[in-house]
Amino acid sequence: MKICYGDKSKFIKSALIRAVQGIERNENDNRLICEMNTQRTVIQETMTDEADRDINAIKLIVRDEMEKIKGLQISQGKQTASKMTESVAE
């Protein structure tokens with residue numbers, strides 16, 4: 001020990017310093033883990049909100065297209081009905 005640390009007091013000081021640095025390192029690691037968890041939660045919430053918004057937009061687009069198709073089918077049905085009445089009248 002004397003070769004590496006000198007006397008007992010220096011050894012004790014260096015051991016305490018290493019212990020304090022280990023505690024600080026653990027606190028920093030825990031702080032980083034908490035920050036990463038918070039960021040992950042925010043990212044998940046943001047992605048969920050964006051996905052919900054996209055899904056709702058797609059639903060609106062599909063609904064509009066379905067209404068257009070129904071409108072075309074109704075107008076085609078009317079045209080077919082008018083052609084049928086014309087041919088019957090003839």
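Counting from 1, the numbers follow the sequence of the chain as shown.
Here CG of N56 is found 9.0 Å from CZ of R63. Values are rounded to the nearest 0.5 Å. For the atom pair CD1 of I69 and CG of D64, the computed distance is 11.0 Å after rounding to the nearest 0.5 Å. For the atom pair CE of M47 and CZ of R40, the computed distance is 13.0 Å after rounding to the nearest 0.5 Å. In this structure, NZ on K68 lies 9.5 Å from CG on L72, to the nearest 0.5 angstrom. Between L32 atom CG and N37 atom CG the span is 11.0 Å, to the nearest 0.5 Å. To the nearest 0.5 Å, atom CG of residue N28 and atom CD of residue Q21 are 11.5 Å apart.
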Between K70 and E67, is the salt bridge (charged side-chain N to carboxylate O under 4.0 Å, His left out) condition met? List the steps.
CA-CA 5 Å; K70 287 179 183 177; E67 288 175 5; over 6 Å; no

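Residues E45 and T41 meet the side-chain proximity criterion, which asks for heavy atoms closer than 4.5 Å.
Between R53 and E50 a salt bridge is recorded (basic side-chain N to carboxylate O distance below 4.0 Å).
Just one residue in the list I55, I61, V62 forms a side chain to side chain contact (heavy atoms under 4.5 Å, CB included) with K59, and that residue is I55. Shown are I23, D29, N30; of these, the side chain to side chain contact (heavy atoms under 4.5 Å, CB included) with E27 is made only by I23.
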